[in-house]
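Written below as structure tokens is the structure these notes are about.
Just so you know, residue 1 is the first one in the sequence shown, and it goes up from there. These values consider heavy atoms only, across backbone and side chains, with no hydrogens, waters or symmetry-generated copies. Just so you know, ligand 1 is whichever comes first in the structure, and atom 1 is the first atom listed for that ligand. Small disclaimer: the values here were computed from a predicted structure and weren't measured.
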Amino acid sequence: MTVLSARGLHKYYRVDHRRITVLNDVSLTVGGGEFLVIAGLSGSGKTTLLSILSGLDRPDSGSVVIQDVDITHLSEDRLAPFRNRVFGFVFQAFHLVPSLTALENVMFPAELDGRPSARQEARELLERVGLGERQDNLPHQLSGGEKQRVAICRALVNRPQIVFADEPTGNLDSRNGGLILDLLLEFQRERRSTLVLVTHNAHIAARADRTVTMIDGCLQAEEA
Ligand SMILES: Nc1ncnc2c1ncn2[C@@H]1O[C@H](COP(=O)(O)OP(=O)(O)O)[C@@H](O)[C@H]1O
Ligand SMILES: [Mg+2]
């Protein structure tokens, strides 16, 4: 079953009156329950592709269809709640809100979605990742690995169908990076959700169900 289908994506940036092609006719389908890795060198367009697949950015042409909805044509008013309910996000630099505690950061997407059980669910997730005692800490009181565990809880609190992760272990040492990947995979299998993860780490790519590679804005043909 396909959960995400992208067709003919193009993205250009204009720099000093020159047009740079960052995505060149990228098409991709992602299956339900799949762990897909998007690999490729720095500057090849991985972050741009992930941002467009997840509705954080829009292509100049092409479509991204999720649950029969072409998200590239949704207004931001309709896209934002869709994104918050259907997707979870994990970034390399954590992107926690510095003035909110760990618990408040995790609760945030659930409160946006108007779910009264948010606090309880956020607590349970933090306990599950070993941060039960740290829920009232602010992000600056946490290590990088702890911050990323909080970010994973925040990504999962709305039980998203698809989790998008952009170099989620890029700022962590190998031990903490391994723990983060284990957690993402544990939740993905348990919930039968889909994980789309950008990395240039070969050890992580080796654990994927399937790897596609970006080269200069083109997606290398998927293997059959
Ligand atoms: N806002 C922007 N304006 C101009 N160029 C950009 C912008 N964002 C990304 N780029 C360029 O697009 C290319 C791909 O960037 P990116 O998607 O971040 O690649 P990756 O994540 O694989 O390192 C790079 O050449 C980068 O410089
Ligand atoms: Mg990137």
Notebook entry, point to check: Is a donor on one side and an acceptor on the other found under 3.5 Å between the side chain of Arg7 and the backbone of Ser63?
Noted result: no
Next item on the list: Please work out which of Leu23, Thr48, Ile20, Ile38 has its closest non-hydrogen atom nearest to atom 15 (O) of ligand 1.
Entry: Thr48
Next item on the list: Consider ligand 1: state whether an atom of it lies below 4.0 angstrom from any non-hydrogen atom of Ser42.
Entry: yes
Next item on the list: Look only at interatomic distance and state if Gly45 has a nitrogen or oxygen under 3.5 Å from any nitrogen or oxygen of ligand 1.
Entry: yes
Next item on the list: For Gln67, check side chain to side chain contact (heavy atoms under 4.5 Å, CB included) against everything at least two apart and list the hits.
Entry: Phe82, Val86, Gln161
Check: Protein N, O or S atoms less than 2.8 Å from the Mg ion (ligand 2), ignoring waters?
Finding: Thr47 OG1
Next item on the list: Scan Thr169, Ile204, Ile152 and name whichever one has a side-chain contact (heavy atoms from CB on, under 4.5 Å) with Leu184.
Entry: Ile152
Margin query: One thing to verify: whether Arg83 and Glu76 come together as a salt bridge, which I'm taking to mean a side-chain N less than 4.0 angstrom from a carboxylate O.
Written below: yes
Next item on the list: Check whether any side-chain heavy atom of Pro168 sits under 4.5 Å from a side-chain heavy atom of Gln148, and report yes or no.
Entry: yes
Item checked: Salt bridge present between Asp182 and Arg207 (N-O < 4.0 angstrom) -> yes
Margin query: Return the closest protein heavy atom for atom 20 (P) of ligand 1 as residue, atom name and distance.
Written below: Gly43 N, 3.5 Å
Note to self: Quick check: do Val212 and Val37 have side-chain heavy atoms less than 4.5 Å from each other?
What the structure shows: no
Check: Can you tell me if Asp16 uses its side chain to pair, donor with acceptor, with the backbone of Arg18 under 3.5 Å?
Finding: no
Next item on the list: Provide, to 0.1 Å, the distance between atom 9 (C) of ligand 1 and the closest protein heavy atom, together with that atom's residue and name.
Entry: Tyr13 CE1, 3.5 Å
Next item on the list: Please determine if Arg119 and Glu104 form a salt bridge, counting it only when a charged side-chain N lies under 4.0 Å from a carboxylate O.
Entry: no
Margin query: Below 4.0 angstrom, counting only protein heavy atoms, does anything approach atom 5 (N) of ligand 1?
Written below: yes
Checklist line | Salt bridge present between Arg159 and Glu121 (N-O < 4.0 angstrom) | finding: no
Next item on the list: Return the residue, atom name and 0.1 Å-rounded distance of the protein heavy atom closest to atom 18 (O) of ligand 1.
Entry: Thr47 CB, 3.7 Å
Check: Short list, please: which atoms of ligand 1 are under 4.0 Å from a heavy atom of Leu41?
Finding: 22 (O)
